[in-house]
Number of protein chains: 2
Amino acid sequence: METSADLFKELKSFSEPELQKEILKHGKIIKAKKGDILIREGQYLNFLPIVIKGLLRVYQENEDREILLYYVGPEQTCMMSLSAAYFDYYSTANGIAIKPSEILVLPAHLIAEWQLKYPSWNKFILKTFKSRYDELLSAFGNVAFKPIQIRVKDYFSEYFKNEGSKKIPVSHQTLANDLGTTRVVISRILKQFEKENLVKLHRGYIELLY
Amino acid sequence: METSADLFKELKSFSEPELQKEILKHGKIIKAKKGDILIREGQYLNFLPIVIKGLLRVYQENEDREILLYYVGPEQTCMMSLSAAYFDYYSTANGIAIKPSEILVLPAHLIAEWQLKYPSWNKFILKTFKSRYDELLSAFGNVAFKPIQIRVKDYFSEYFKNEGSKKIPVSHQTLANDLGTTRVVISRILKQFEKENLVKLHRGYIELLY
DNA sequence: AAATATGTGTATCAAATGATACACTACTGA
DNA sequence: TCAGTAGTGTATCATTTGATACACATATTT
């Protein structure tokens, strides 16, 4: 179990000691294994999850396909949960842990209360709204205007920017799920990229050659 | 020019008398003609526009195409402006008046101030974030998963739901711009719909037969 | 070692979408 | 009235994307 010191080493955003006390008082830490589904579309949410460690993937799904909305990393929360919990509504997306994760869970009613009391909390809430919106907007523009090939390249660039590695540890299926298309389409494009010497393909990961 | 009584007849959301006074003190009303471009992509925004009368269209554009993000009607504000003004940032979309409009313009720095002072203002801000996010999310899912034909039908349903009329006053080009495709594609689909007796086509408007 | 699940390569076909070109009509403003 | 602009119809062709099917390889589990 986390000690409170450990917890606040991770949660740098919340500077007010009062707020920290409140978090300790009302929050619960839960652990999720890789693959645990934490939020389902349609589910009523009366709690707000803030990731301490690990990574969540939030996505929408259709009958046969899915598409990535965003990832939730440490010190972040999920727009779906925030909006659903704040307005007492249900989620319109799914959330799954893709790494073993530790998550701070707060009762929904506190979101609005704290927002008026603690500036750093208010800032956190608005930052979340803004940055998730920006991400979604950018994804939207991409899906509307860019061919999949470009979106795959963008995906690689994004990964490289964030992780600094040219070995991208995703299967073709995962890539297809993130980009909202099918595995065959991705395999075809990747093979083409390999012919153009842009990448080298391996089982389970893709190596960038540029 | 609006009298203050007229103004607050329109702005029912802001109930606190204090807030109303502040709005009168700091706000300016501007008028826009149909076709006036109010916000451009890349523009720094240090003001927040709230529509009193009329309608704005907020959209993203690519070299040769554009796509609708949302409309801003009376008593609403634009997510782009809100987010850009709140965080002192630039707009990532364009806004144009598509009806003659009257717009209340507020200095950006007041957004955060008022948010802590006036609950109705805070609610307005968060509602805006949430509902614009929801709209965008839904549009995203549609673009990612639904064929254009369905999106055209959805567009008609949406219009009928909001306006109650089966005469949809859009040109093919406008429809194409809203849905992020080209005019020829729309004309083709509409002709097909007409053959199936779903619509009757006229110059400048489309009549629903269902 | 056998069984099972996951990952990859690839061919074939169909459908959706986009690009381009041109004709024609209706409206608008000088 | 004439010219210009916006709106519409439609054909042709290329490209992109998706659906389906199957082979085979590599991991994992029992």
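Predicted model only: the values in this text are computed from it and were never measured. Because only heavy atoms are used, hydrogens play no part in the values below, and waters and symmetry mates are left out as well, while side chains stay in. Protein chains get the first letters and strands the later ones, always in sequence-line order, with residue 1 at the start of each.
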Give one of base, sugar-phosphate or nothing for L190(B), where a contact means two heavy atoms less than 4.0 Å apart.
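Answer is nothing: L190(B) stays at 4.0 Å or more from every strand.
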Can you identify which nucleotide, out of [options], has its nearest atom closest to the [X] side chain?
X	options	value
T182(A)	dT17(D), dG9(D), dA19(D)	dA19(D)
K191(B)	dA19(C), dG9(D), dA19(D)	dG9(D)
L201(A)	dG9(D), dA11(C), dG9(C)	dG9(C)

In whole Å, what is the span from the [atom1] atom of [X] to the [atom2] atom of [N]?
X	N	atom1	atom2	value
L179(B)	dT17(C)	CG	P	11 Å
I189(A)	dG18(D)	CD1	P	9 Å
F145(A)	dA19(C)	CZ	P	12 Å
R183(B)	dA21(C)	CZ	P	14 Å
I148(B)	dA15(C)	CD1	P	17 Å
I186(B)	dA19(C)	CD1	C1'	15 Å
L175(B)	dA6(D)	CG	P	18 Å
H172(A)	dT10(C)	NE2	P	11 Å

Determine whether a donor-acceptor pair (N or O, by modelled atom type, separation under 3.5 Å) exists between the side chain of E66(B) and the backbone of G180(B).
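Answer holds: no.
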Has the side chain of W121(A) got a donor or acceptor atom that lies under 3.5 Å from a matching backbone atom of I111(A)?
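Yes, because the side chain of W121(A) sits within donor-acceptor range (under 3.5 Å) of the backbone of I111(A).
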Does NZ or CZ of [X] come closer than 6.0 Å to the centre of the six-membered ring of [Y], within 45° of the ring's axis?
X	Y	value
R132(A)	Y70(A)	yes
K130(A)	Y86(B)	no
K166(B)	Y159(B)	no

Presence of R188(A) side-chain N/O under 4.0 Å of dG18(D) phosphate oxygens OP1/OP2:
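Indeed not, no polar side-chain atom of R188(A) lies that close.
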Hey, does the side chain of T181(A) come within less than 4.0 Å of dG18(D)'s phosphate (OP1/OP2), counting only N and O?
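Yes, such a contact exists.
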On DNA chain C, nearest-nucleotide positions of H202(A) versus Q149(B): which is more 5'?
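Taking each residue's closest nucleotide, the earlier one in sequence belongs to H202(A).
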I want to confirm an ordering. Mapping G204(A) and A144(A) to their closest nucleotides on DNA chain C, which one lands closer to the 5' end?
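Its nearest nucleotide lies further toward 5', so the answer is G204(A).
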Donor-acceptor pair present, R203(A) side chain and dT26(D) base, under 3.5 Å:
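Donor-acceptor pair under 3.5 Å: yes.
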